[in-house]
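The first residue of the sequence shown is numbered 1, and numbering continues consecutively from there.
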Amino acid sequence: MTDPIRIDDFERVDIRVGTIVDAQPFPEARKPAFKLWIDFGPAFGVKRSSAQITVHYTPDQLIGRQVCAVVNFPPRQIGPFVSEVLTLGMPDEDGAVVLVRPDFAVPAGGRLF
């Protein structure tokens with residue numbers, strides 16, 4: 001467990017929901033990954049993300065899926081690709097990533113609170 005944080009620390013992390021509109025293999029990545037394009041609605045638009053989610057998902061399974069992502073980290077260069085948001089996941093018992101997503105469809109760009 002980590003040290004406790006204050007609520008204002010949590011509120012600084014901007015976690016939003018978006019819908020994956022495109023997913024492509026990312027063979028240039030050091031670890032197996034996909035390139036994702038996620039639509040966060042009119043206020044944020046489509047953002048790119050690199051995600052190491054190849055164990056449980058294929059690109060065609062990801063299209064149309066809502067996911068949660070941190071949208072206020074600075075962009076990160078990953079090989080030839082710029083990742084603009086951090087797509088969130090949790091490890092399964094073997095350490096493979098399972099995506100974090102809402103139980104029901106919610107409006108694009110909705111903020112986690």
Side-chain angles (χ1 to χ4, degrees):
M1 190 148 114
T2 60
D3 294 333
I5 63 170
R6 297 166 42 123
I7 189 68
D8 52 322
D9 294 323
F10 173 75
E11 290 172 344
R12 290 179 55 215
V13 180
D14 194 357
I15 300 172
R16 303 279 176 158
V17 67
T19 302
I20 299 172
V21 295
D22 195 9
Q24 300 293 325
F26 190 6
E28 302 91 351
R30 278 188 243 144
K31 295 181 181 179
F34 295 132
K35 296 184 279 188
L36 306 177
W37 287 262
I38 306 168
D39 184 358
F40 291 96
F44 295 94
V46 175
K47 301 292 182 184
R48 295 172 293 180
S49 181
S50 171
Q52 296 173 4
I53 55 174
T54 59
V55 171
H56 293 297
Y57 306 98
T58 61
D60 61 314
Q61 292 173 321
L62 293 167
I63 307 292
R65 181 181 298 257
Q66 286 195 305
V67 293
C68 295
V70 176
V71 298
N72 65 333
F73 284 155
R76 183 173 175 199
Q77 186 78 40
I78 302 173
F81 188 74
V82 175
S83 187
E84 300 171 294
V85 300
L86 176 64
T87 304
L88 298 176
M90 306 289 275
D92 68 11
E93 63 183 33
D94 296 321
V97 178
V98 176
L99 290 169
V100 173
R101 64 183 187 153
D103 282 342
F104 303 101
V106 296
R111 185 172 183 170
L112 180 78
F113 57 84

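- When atom types are taken as modelled, the side chain of N72 and the backbone of D14 share a donor-acceptor pair closer than 3.5 angstrom.
- The cluster map of Ile, Leu, Val, Met, Phe, Trp and Tyr, joined by side-chain heavy atoms under 4.5 Å apart, puts V98 and I53 in the same cluster.
- Within the 4.5 Å cutoff, no side-chain heavy atoms of I20 are placed close to those of T87.
- For the residue pair P59 and A23, the shortest heavy atom distance occurs at CB-O, 3.4 Å.
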### Task
Take F40 and I38 through the side-chain contact (heavy atoms from CB on, under 4.5 Å) test and state the conclusion after the steps.
CA-CA 6 Å; F40 291 96; I38 306 168; 3.5 Å; yes
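- Proximity of the aromatic rings of F26 and F81 is defined here by a centroid distance below 6.0 angstrom, and this criterion is met.
- No path of Ile, Leu, Val, Met, Phe, Trp and Tyr side chains, each step under 4.5 Å between heavy atoms, connects V17 with V85, placing them in separate hydrophobic clusters.
- Here K31 contributes atom NZ and T54 contributes atom OG1; the two are 11.5 Å apart, rounded to the nearest 0.5 Å.
- When all heavy atoms of F34 and L62 are compared, the closest pair comes out as CD1-CD1, 3.8 Å.
- The shortest non-hydrogen separation linking F73 to L86 is CE1-CD2, 3.5 Å.
- Without hydrogens or angle criteria, S50 side chain to S83 main chain gives no donor-acceptor distance under 3.5 Å.
- Under a cut-off of 6.0 angstrom, the local environment of CZ in R111 is crowded, with over 12 non-hydrogen atoms contributed by other residues, nucleotides or ligands.
- The minimum heavy-atom distance between A29 and A33, with the atom names listed, is CB-CB, 4.1 Å.
- Put simply, the side chain of E84 never gets that close to the backbone of P75: no donor and acceptor are under 3.5 Å apart.
- Checked by atom type and distance alone, the side chain of Q77 pairs as donor or acceptor with a backbone atom of G79 at under 3.5 Å.
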### Task
Would you sort out whether R48 and V82 count as a side-chain contact (heavy atoms from CB on, under 4.5 Å), showing the intermediate values?
CA-CA 7 Å; R48 295 172 293 180; V82 175; 3.8 Å; yes
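- Remark: side-chain polar atoms of Q66 are paired, donor with acceptor, to backbone N or O of V106 under 3.5 angstrom.
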#### Entry: Derivation and outcome, side-chain contact (heavy atoms from CB on, under 4.5 Å), residues L99 and R65
CA-CA 10 Å; L99 290 169; R65 181 181 298 257; 4.0 Å; yes
### Task
Apply side-chain contact (heavy atoms from CB on, under 4.5 Å) to C68 and L112, showing your working.
CA-CA 8 Å; C68 295; L112 180 78; 5.7 Å; no
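- V70 has its side chain within reach of L88: a pair of non-hydrogen atoms, C-beta onward, lies under 4.5 Å apart.
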